Amino acid sequence: DAGVIQSPRHEVTEMGQEVTLRCKPISGHDYLFWYRQTMMRGLELLIYFNNNVPIDDSGMPEDRFSAKMPNASFSTLKIQPSEPRDSAVYFCASSLETGRDTEAFFGQGTRLTVV
Amino acid sequence: QKEVEQDPGPLSVPEGAIVSLNCTYSNSAFQYFMWYRQYSRKGPELLMYTYSSGNKEDGRFTAQVDKSSKYISLFIRDSQPSDSATYLCAMSAPLGNNRLAFGKGNQVVVIP
């Protein structure tokens with residue numbers, strides 16, 4: 001398996017534009033997580049899905065953020081409209097339901113810059 | 001109070017030194033304790049995993065968990081320049097929907 005695949009790797013956009021980040025989890029994994037990483041706040045969990053169903057979106061900063069998982073192999077994180085404070089590295093991660101240990105496998109991240 | 005506290009200050013050490021990192025946590029339900037390593041411009045990768053209290057050793061790396069104090073540590077012996085990375089502690093609870101709570105991370109630089 002190629003691991004968790006995110007696209008694009010880098011995105012530069014103007015304030016007010018819509019941004020869509022994409023993620024392909026590892027095949028067979030039950031959980032998918034979206035994180036945001038900044039120097040100030042570290043790694044923050046935004047939302048996660050179990051078997052394509054959103055479980056907890058309490059980390060989504062505001063209504064401008066939305067996430068979908070239409071099937072087991074694809075998820076999107078959308079920001080509309082984008083703002084400069086959304087600039088960060090966004091990671092997608094997936095993991096397998098084991099009931100015990102919970103290793104999460106991360107993608108390479110999308111570095112978002114909103115100017 | 002955040003669930004997991006990790007002093008995010010950077011750490012520079014000479015090659016061969018021992019690196020000591022630690023985290024504290026507040027949720028007594030946490031049973032699984034992990035350290036992730038993140039190289040520059042990469043995603044975090046699992047480095048060490050420990051269940052409940054005790055020590056675990058893997059080569060030059062030792063992870064310690066003290067549940068009574070809600071305190072975990074990572075030690076790197078004989079540090080190498082290739083150990084230069086950000087180290088994040090993470091933890092989770094049984095039946096916690098695989099949700100990981102992460103510390104902010106420590107950037108470690110090992111100087112040759």
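Letters A, B, ... are given to chains in the order of the sequence lines, protein chains preceding strands, and every chain is numbered from 1. Small disclaimer: the values here were computed from a predicted structure and weren't measured.
- Contact check on A:R85 versus A:E62 returns a salt bridge, with a Lys/Arg side-chain nitrogen under 4.0 Å from an Asp/Glu carboxylate oxygen.
- Contact tally against chain B (heavy-atom pairs below 4.5 Å) for A:Q6, A:M39, A:Q37: the top residue is A:Q37.
- Between B:Y36 and B:F102, the distance separating the two ring centers is shorter than 6.0 angstrom.
- Within 6.0 Å of CZ in A:R41 there are 12 or fewer heavy atoms belonging to other residues, nucleotides or ligands.
- Heavy atoms closer than 4.5 Å to chain B are found in the side chain of A:Y35, but not in its backbone.
- For B:Q107, no part lies near chain A; criterion is any non-hydrogen pair under 4.5 Å.
- The aromatic rings of A:Y31 and A:F33 lie parallel to each other, with less than 30° between the two planes, well short of the 60° mark.
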